[in-house]
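Contents: one structure, followed by commentary.
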Protein chains: 2
Amino acid sequence: MSDHQRQQQRLEISRHAVRLFREQGVSATSGEQIASAAGVSERTLWRYFRSKESCVEPLLTRTVNAFKDALRSWPPDLELTEHLDVEYTLTPAPSRSDIEAVLAVVRLTRDEPALRAVWLVLHERAEPTFAEVLGERMGLPPDSLEVRIHAASMNTALRVATDDFAWAAAEGIGPEAMDRYRERLSSALRTVLRVPDRAPAHGTERAESGAVPPTHPHDRPRPPRPGA
Amino acid sequence: MSDHQRQQQRLEISRHAVRLFREQGVSATSGEQIASAAGVSERTLWRYFRSKESCVEPLLTRTVNAFKDALRSWPPDLELTEHLDVEYTLTPAPSRSDIEAVLAVVRLTRDEPALRAVWLVLHERAEPTFAEVLGERMGLPPDSLEVRIHAASMNTALRVATDDFAWAAAEGIGPEAMDRYRERLSSALRTVLRVPDRAPAHGTERAESGAVPPTHPHDRPRPPRPGA
DNA sequence: CAACTTTGTGGCAGGGACTGCCATAAATGA
DNA sequence: TCATTTATGGCAGTCCCTGCCACAAAGTTG
């Protein structure tokens with residue numbers, strides 16, 4: 001079986017899993033349900049995914065992958081943000097419904113610690129790739145501390161911006177939402193990369209800290225008693 | 001039962017869990033073992049911890065907490081790195097063996113995805129605190145995108161530096177190792193905060209990308225077949 | 001085409017993580 | 001001292017997930 005076929009299979013399962021998670025919640029969705037919805041036996045489901053929650057991975061990865069692709073095509077003579085403005089559309093590969101599914105999952109991660117974990121792990125896994133590109137740029141080895149830090153920061157900026165976007169676009173995504181997203185992402189990357197801004201300082205893109213607060217009171221060790 | 005007592009109990013269990021994880025590996029350690037080692041019933045173990053792996057949390061949190069404390073005592077007239085050099089000793093609260101345990105766990109996270117996940121989640125949970133301090137500093141609301149990004153970057157820098165340290169100090173930690181750690185952490189934070197360096201640029205603290213490479217080939221979807 | 005090997009899948013059994021429920025003990029307070 | 005709350009243990013049960021085996025599909029060699 002080709003690697004590509006396997007990926008497709010995983011993606012297909014992922015779509016079903018996410019649909020069920022959205023409809024019923026994660027804990028109310030059993031592995032058996034996912035398996036039968038995807039038309040495979042439960043046994044093979046566990047061969048494809050190590051855990052119930054990791055079923056969302058193939059879909060979630062798409063946001064990071066889109067960024068990766070954009071990064072790799074980053075020409076040396078351009079600002080990163082400028083390049084992303086034209087390149088990082090996120091619309092090419094994934095369909096509209098896929099995007100909405102991804103964003104829905106991101107929102108789910110707020111209250112589902114296990115999903116949050118796969119989201120974070122998934123992002124971290126992308127860091128070596130970022131480090132490679134940045135290392136190239138900076139003329140430093142990709143495994144040097146400095147490059148790794150920058151890569152991780154970039155990663156983090158991407159994550160925060162995406163989180164933000166997921167909540168801002170909670171009800172439907174129009175082109176203006178996408179624009180807002182790119183704008184926020186650019187802003188985030190700029191603060192990380194500290195590219196000399198043409199505008200004097202801040203004041204335009206931040207200010208109103210609008211949108212839904214994507215903070216995460218989520219996890220906590222979950223002790224029996226919340227109060228005193 | 002006081003909150004503090006509960007914390008102590010959790011910490012105590014955590015020590016046992018980590019010891020067992022180090023001795024036998026995570027998967028070979030059962031919840032029952034942890035419970036009986038800690039002298040509680042399995043039932044109450046699950047009341048204290050939502051999962052086997054999260055048992056390491058109370059210990060792991062100490063590194064982040066130490067940083068939090070140092071951050072909070074950051075006087076307005078000092079560079080952060082200078083402040084940390086004297087304040088962030090990490091030795092005050094936790095004992096030597098605790099520190100070693102923490103570092104061992106951090107090393108374990110390389111090959112134990114579940115542990116890696118709690119490590120990442122734990123770090124992310126600290127970001128609001130960082131954001132509060134930074135927001136204060138920057139005169140911006142703690143929930144503004146810019147502040148959150150900076151907080152997250154700081155977080156990430158701390159994580160990468162700690163990871164690095166855990167591997168560099170794999171065999172015993174002397175004072176020189178601690179010094180190296182602080183140095184690396186300072187370096188990491190400097191690249192994130194981009195504080196104007198007194199030295200012309202780089203060239204002193206990075207250069208040799210020494211230490212053990214703390215990259216993480218760890219997770220991967222775990223497909224049955226690695227090759228073709 | 002036939003025999004053989006390789007690879008993907010399903011079924012079954014089982015272990016272990018985790019939860020709900022109830023009984024009971026310990027702590028708190030009047 | 002009694003009543004109430006709170007922490008714990010035991011037990012049963014569910015579900016996630018794995019090891020094993022048997023079988024089918026696909027590729028390889030003669």
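These numbers come from a predicted model, not from an experiment. Proteins get letters first, then strands, A, B, ... in listed order; numbering begins at 1 in each.
Rounding to whole angstrom units, CH2 of residue Trp46(B) and P of dG16(C) are separated by 12 Å. Rounded to whole Å, the distance from CD on Gln33(A) to C1' on dC15(D) is 12 Å. Separating the CZ atom of Arg50(B) from the P atom of dT19(C) is a distance of 8 Å, rounded to the nearest angstrom. dA7(D) atom C1' lies 17 Å from atom CD of Gln8(B), rounded to whole Å. Rounded to an integer number of Å, the gap from Glu32(A) CD to dC12(C) C1' is 14 Å. We find that CZ of Arg47(A) is positioned 11 Å from C1' of dC21(D), with the value rounded to whole Å. A straight line from CG of Leu45(A) to P of dT18(D) spans 10 Å, rounded to a whole angstrom. Rounded to whole Å, atom C1' of dT19(C) lies 12 Å from atom CD of Glu42(B).
Checked by atom type and distance alone, the side chain of His123(A) never pairs as donor or acceptor with a backbone atom of Val64(A) at under 3.5 Å. When atom types are taken as modelled, the side chain of Lys68(B) and the backbone of Arg62(B) share no donor-acceptor pair closer than 3.5 angstrom.
A salt bridge does not link Arg180(B) with Glu183(B): none of the charged nitrogens is closer than 4.0 Å to a carboxylate oxygen.
Between Val192(A) and Ser153(A), the shortest heavy-atom distance links the atoms CG1-CB, 3.5 Å.
Mapped onto DNA chain D by nearest heavy atom, Ser27(A) and Arg43(A) fall at different nucleotides, with Ser27(A) at the one closer to the 5' end. Across the interface with DNA chain D, nearest-nucleotide mapping of Gln9(B) and Lys52(A) shows Gln9(B) to be the residue nearer the 5′ end.
In the set dG11(C), dA17(C), dG9(D), the nucleotide with an atom closest to the side chain of Ser41(B) is dG9(D).
Within the structure, a side-chain polar atom (N or O) of Tyr48(A) is placed less than 4.0 Å from OP1 or OP2 of dT9(C). At dG9(D), one or more side-chain N or O atoms of Thr44(B) fall inside 4.0 Å of OP1 or OP2 (strictly under the cut-off).
In Glu136(B), the CD atom is not crowded: 12 or fewer heavy atoms of neighbouring residues, nucleotides or ligands sit closer than 6.0 Å.
Counting non-hydrogen atoms under 4.0 angstrom, Ser2(A) reaches nothing in the nucleic acid.
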